[in-house]
Structure formats: C-alpha cells, structure tokens
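Here's the structure we're looking at; comments come further down.
Position 1 is the first residue of the sequence, and the numbers go up from there. Predicted, not measured: the structure shown is a model, and the values here were computed from it.
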Amino acid sequence: MKNNQKELVTVILAINKIDKYFESSIKSILNQSHKNIELIIIANGEFSVDIKEEISSKYKDHRLEIITTPIGQLSFALNLGLHHSKGSFIARMDADDICDPFRIEKQLNFILSTEADIVSSNANIIDENGKIIGERLIKNNISEILFFKNPITHPSVLYRKNSIIKLRGYNSGFNSEDYDLWHRASREKMIFKNIPENLISYRVHQNSTQGKKLGYAEVTGLSIREFLLTKNIKHLAATFINILKFFFKGR
C-alpha cells in the first residue's frame, strides 16, 4: 500500500448514550493502520456531559476530541463535527459498528488515486453479539440505485471535506440525513465509488432505525423533491414505491 500518512483524516463519531458497543467502535478507530487521524466524538443529547466524562476517563489519546451538545439530532452532530474538523478527508463511523484495521488506509489510498468525492465500502452485518449474519454488498452504479433506495452504508464512507462543504453539509432528518446528502451530491454530479471489500462490521439490533415508518416518510419526501427539481420520472416512480413501503413494511 502507498504511504499517505501525512494526510490527516478526521473521523466523526456521534454518541447519544453509553452502551456496550461504543468502546469497540472507538478502539477500532484508534487502532487503525493509518495513524494520522483525529477522532471527533460528538456527545449529544440529554446525557452528553455524562458521555464525555465516561469516555474521557477511559481514553487519553491525543488524537481524540470530545464535543458536547444537548441537541440530540444526528445531522446537527455531524455538521458540528465537520465544522471542527481539521482533516481534508472525513470518515464516518457509528457508535455501534466496528472498523477493519486497514479501513481508513485503504479508502484514503483509493480516493487519492481517483477523482471520487465519496468512497464507501461493503460491510459485514453483525448482530447484537458481534456474530456475522450477512453482508451488505454495494455495486458501483450507485447513482442509478439511488433513485429507489439508499445503497450506501453511511458509516462506511470516507469523503472529501470540500465536496460536502459545497453541499452545505447535512440537512435535518431523523433517519435519512445520509440519503438526502447522496441525492444532493448526485444532482451536483459528484462521483461515488465503492471498494468491494468488507471494511466495516455494521450492527443491526432492536434499537436500529431501519424499516421505521418515519424513515419511509422522509425518503418519500426526498423522492418528491428530487422529481420536482430534476423532472426525472424515476424519482416519481420511487415516490409511489416508498409510499407502499410506508404502509406495508414500516413499523
């Protein structure tokens, strides 16, 4: 692999509660083969101060910065992390997932060798106990798949900070802040690429947001917006599909 250690990568991790998963997530970032990182943890919500104290007592790594906010919304937390970030490249991570130790090194080398704005990866799907129960495989025709579903595992992405700043960061949304961002990036002709390796373990458990009615309602709104802005009939078709998902798959 190429040696790009001089490149600073900022990892943004939002945490709104202390649970049994967050330590594994933090350790998987701090133990990356690419050492030139800053880990910005946004401790958010009503327990933000307690979260900061808990993490500060366990980790003394100089690369770690903890920011608190009582606003418990992921999109706000991610924008706050972007605002404070020093790296030219941003890696996303969730507090219940685990990174492959070479994840950042591989994604950084890849994005530096291409014109990609956003680089994702495939993922192992793990359960509450860390057992692999499946895979999430992503094809490289991401912009086409985006019409009908979100093909990108958000905590697997590494992107160019300037590209996301051009999009004015994340919009609000309880479950679809990433899907909204990908739609806006696609509309601006930004380049998506995927590394066909499982570089994260993506955890699915009873508190996951997948399949909730609020999520389907939000993506229906996104499809309507994109249809009105682009006049692309695929967005209109996606609108009706998402309405059906709301009624028949939402929980």
[Y] backbone acceptor or donor facing [X] side chain under 3.5 Å:
{"X": "R63", "Y": "K35", "result": "yes"}
{"X": "D19", "Y": "F22", "result": "yes"}
{"X": "N122", "Y": "I138", "result": "yes"}
{"X": "R184", "Y": "G169", "result": "yes"}
{"X": "E226", "Y": "F147", "result": "no"}
{"X": "E177", "Y": "S75", "result": "no"}
{"X": "N129", "Y": "K131", "result": "no"}
{"X": "D180", "Y": "S176", "result": "no"}
{"X": "T68", "Y": "A43", "result": "no"}
{"X": "R160", "Y": "A116", "result": "yes"}

Please evaluate residues K58 and E23 with respect to the criterion salt bridge (Lys or Arg N to Asp or Glu O under 4.0 Å), reporting the C-alpha separation (whole Å), side-chain torsions for both, the decisive distance (0.1 Å), and the verdict. CA-CA 9 Å; K58 293 183 176 181; E23 286 194 62; 2.8 Å; yes

To check you understand the geometry: which heavy-atom pair defines the closest contact between H235 and H183, and what is its length?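 So the two residues come closest at CE1-CE1, 3.8 Å.
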
Please report the shortest heavy-atom distance between N44 and I71, naming the atom on each side. CB-O, 3.5 Å

Kindly compute the distance separating CE (M93) from CD1 (I104), expressed to the nearest 0.5 Å. 9.0 Å

Under a 4.0 Å N-O cut-off, is there an ion pair linking K139 with E144? no

Below 4.0 angstrom, N of the basic side chain to O of the carboxylate: do D94 and R203 qualify? no

Taking the side chain as everything from C-beta on, heavy atoms only, tell me whether I152 gets closer than 4.5 Å to F192.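 Yes, their side chains come closer than 4.5 Å.
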
With side chains defined as the heavy atoms from C-beta onward, is the minimum distance between Y179 and L146 less than 4.5 Å? yes

If the test is side chain to side chain contact (heavy atoms under 4.5 Å, CB included), which one of S25, S28, P155, S120 qualifies with I200?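 Testing each of S25, S28, P155, S120 against I200, the sole residue satisfying side chain to side chain contact (heavy atoms under 4.5 Å, CB included) is P155.
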
Modelled atom types, side-chain donor and acceptor of N4 and N109, under 3.5 Å: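 Checked: N4/N109 side chains pair up, N/O donor to acceptor below 3.5 Å.
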
Is the closest side-chain donor-acceptor distance between K161 and S85 under 3.5 Å? yes

Are L13 and Y202 linked, directly or through intermediate hydrophobic residues, by side-chain heavy-atom contacts shorter than 4.5 Å (ILVMFWY only)? no

